[in-house]
Amino acid sequence: MKNFFAILGGMGTLATTNFLLELNSRHNPTKDQDFFNYILFNHAEIPDRTTFILDHSAPSPLPALLEDIEKINVLQPAFIVIPCNTAHYFIEELEKATPIPIVNMIKETVKAIPSNFNKKIGLAASQGTLESQLYERELLAKGFEVILPDIVLQDKINQLIYTFIKEQAIINLFLYEEILEEFHSMGSETTLLGCTELSLANSHDPLKRLPVIDAEKILLDRTFQLAQDLKIKV
C-alpha cells in the first residue's frame, strides 16, 4: 500500500470509531478505490492517560505509545494522527521517536481559531488535559480568555466521559447540553471540546443550540486535507 497515513487510536475505542466514521463521511466516493488509504492502531489496552497525569505512580501510557510508534515507523506512513487530546501530554516524546510527522491536535485546534476571535472560551476536557494545561497555555498565548470549569462542573464532564461513554457506551446528550449551558452561564461565548468523548457527544447532538470549538472536527479537517493530498499523488 502506498500513499497512506496512520491513526494511533483506541483512547478510547468509541471515540476512535467516531473519528473514522466522520472522516469517511466527509467525501462521497463513487467506488471503493476512492476512499483513503490508512492503517489503524486501535490500541485499547493503553493505560488511562488522565490517571497517570494525576498520579505518576499509576501505569504510564508512554511505553505502549512508544511501542506503537516503533511499529508505525516500520510501515512508513506519510503522517500520523492521534485522535486523543490527553495523549498529547506525551507529544514531545512521541515526536522524538519518529521521523514521521505527527499532526498536533492541540496546536491545530488553537491555530484554527481566528486571531480576531475576541470571545471567552470555555474549556471542557478530561481532568488530565485540564491539569496539564495543554490547551490553556496555547489559548492564553494567543490572547484568548479561558474559562475553566469549577469542581462541580468538572465532575459532570468526568461523568459524561467516563461513567457514561467509556464505561457504558451511553451518549448522555442531556448531560452534554447541561455542561454547555453551565459554561455559557459562566460567561463563555463558545466552549472548546478538548476530549474526543465530548466530540462523540457533539456528533450526536441534533440541536447544537450552543456554539462549540470541536477539537476532533478540526483534527478531521486537517487529516482530510492531508489525505486528499496523498490521493493526488496516486
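Basis for what follows: all heavy atoms, side chains included, without hydrogens, waters or symmetry-related copies. Keep in mind it's a predicted model, so treat the numbers as computed, not measured.
- Leu40 and Leu219 fall within the same hydrophobic cluster, where Ile, Leu, Val, Met, Phe, Trp and Tyr residues are linked whenever their side-chain heavy atoms come under 4.5 Å apart, directly or through other members.
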| task | Begin from the C-alpha positions of Thr190 and Ile121 and carry the test side-chain contact (heavy atoms from CB on, under 4.5 Å) through to its verdict. | result | CA-CA 5 Å; Thr190 189; Ile121 300 176; 4.0 Å; yes
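- With contacts defined as side-chain heavy-atom distances shorter than 4.5 Å, the pair Glu178/Glu181 does not qualify.
- Other residues sharing the hydrophobic cluster of Phe174, ordered by chain and number and joined by side-chain separations under 4.5 Å: none, the residue standing alone.
- Ser199 is listed as a side-chain neighbour of Lys217, based on a closest heavy-atom distance under 4.5 Å.
- Nearest heavy-atom pair, Pro101 versus Ala78, reported as atom, atom and distance to 0.1 Å: CD-O, 3.5 Å.
- The minimum heavy-atom distance between Gln154 and Pro149, with the atom names listed, is OE1-CG, 3.1 Å.
- In the hydrophobic clustering of this structure, Leu54 does not group with Leu130; members are Ile, Leu, Val, Met, Phe, Trp, Tyr whose side-chain heavy atoms approach within less than 4.5 Å, directly or through other members.
- Across Ala44 and Thr13, no two heavy atoms sit closer than the pair CB-OG1, 3.8 Å.
- Remark: Leu66 pairs with Leu62, Leu94, Ala97 by the side chain to side chain contact (heavy atoms under 4.5 Å, CB included) rule, at least two apart or across chains.
- Residues Leu65 and Met11 meet the side-chain proximity criterion, which asks for heavy atoms closer than 4.5 Å.
- In this structure the side chain of Gln159 never reaches within 4.5 angstrom of the side chain of Asn172, judged on heavy atoms.
- Phe4 pairs by the side chain to side chain contact (heavy atoms under 4.5 Å, CB included) definition with Met1, Asn37, Ile39, Leu75, Pro77, not counting sequence neighbours.
- In this pair, Tyr38 and Phe5 present their aromatic rings tilted. The plane angle is within the 30 to 60° band.
- Each side chain to side chain donor-acceptor pair (under 3.5 Å) pair with one or both residues in residues 70-83, not counting sequence neighbours, appears once here: Glu67-Lys71, Asn73-Thr98.
- The two residues Ser203 and Glu22 come nearest to each other via the heavy atoms OG-OE2, 2.7 Å.
- Evaluation of the side chain to side chain contact (heavy atoms under 4.5 Å, CB included) rule for Val74 yields no partner, not counting sequence neighbours.
- Counting all heavy atoms, side chain and backbone alike, Lys166 lies closest to Glu197 at NZ-OE2, 3.2 Å.
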| field | Check against side-chain contact (heavy atoms from CB on, under 4.5 Å), Gln228 and Phe36 | value | CA-CA 8 Å; Gln228 280 189 313; Phe36 296 138; 3.9 Å; yes
| task | Take Glu93 and Lys96, measure what salt bridge (charged side-chain N to carboxylate O under 4.0 Å, His left out) needs, and give me the verdict at the end. | result | CA-CA 5 Å; Glu93 290 94 333; Lys96 291 176 183 177; over 6 Å; no
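- With rounding to the nearest 0.5 angstrom, the CG atom of Asp55 is 3.0 Å from the OG atom of Ser57.
- In Glu92, the CD atom is not crowded: 12 or fewer heavy atoms of neighbouring residues, nucleotides or ligands sit closer than 6.0 Å.
- Side chain to side chain, Asn18 and Glu216 meet the donor-acceptor criterion of an N or O pair below 3.5 Å.
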| query | What do the steps show when you test Asp221 against Gln225 for side-chain contact (heavy atoms from CB on, under 4.5 Å), and what is the final call? | reply | CA-CA 6 Å; Asp221 289 340; Gln225 178 186 37; over 6 Å; no
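- Ile80 contributes atom CD1, which lies 7.5 Å from atom CG of Leu8 (distance to the nearest 0.5 angstrom).
- Transitive grouping of hydrophobic side chains (ILVMFWY, heavy atoms separated by less than 4.5 Å) brings Leu140 and Ile113 into a common cluster.
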| request: Mind running side-chain contact (heavy atoms from CB on, under 4.5 Å) on Met105 and Thr196 for me, showing each step along the way? | output: CA-CA 11 Å; Met105 190 178 193; Thr196 48; 3.8 Å; yes
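- Taking Ile, Leu, Val, Met, Phe, Trp and Tyr as hydrophobic and joining them when side-chain heavy atoms fall under 4.5 Å apart, one finds Tyr162 in a cluster with Leu14, Ile147, Leu153, Ile157, Leu160, Ile161, Phe164, Ile165, Ile170, Ile171, Leu173, Leu175, Tyr176, Ile179, Leu180, Phe183, Met186, Leu193, Leu198, Leu200, Leu210, Val212.
- At a threshold of 4.5 Å between non-hydrogen side-chain atoms, the residues Asn3 and Lys231 do not count as touching.
- Note that the CD1 atom of Ile151 and the CG atom of Asn158 stand 11.5 Å from one another [nearest 0.5 Å].
- The nearest pair of heavy atoms linking Asn104 to His88 is OD1-CD2, 3.8 Å.
- Within the 4.5 Å cutoff, the side chain of Ile46 has heavy atoms near those of the Asp68 side chain.
- To the nearest 0.5 angstrom, Leu134 atom CG is 10.0 Å from Lys107 atom NZ.
- Contact of the Phe52 side chain with the Pro47 side chain is not registered, since no non-hydrogen atoms from C-beta on lie closer than 4.5 Å.
- Atom CD1 of residue Ile7 and atom CZ of residue Phe19 lie 5.5 Å apart, to the nearest 0.5 angstrom.
- Between Tyr135 and Thr109, the closest side-chain pair of non-hydrogen atoms falls below 4.5 Å.
- In this structure, CD on Glu177 lies 13.5 Å from NE2 on His184, to the nearest 0.5 angstrom.
- Between the side chain of Thr16 and the main chain of Gly9, no donor-acceptor pair closer than 3.5 Å is present.
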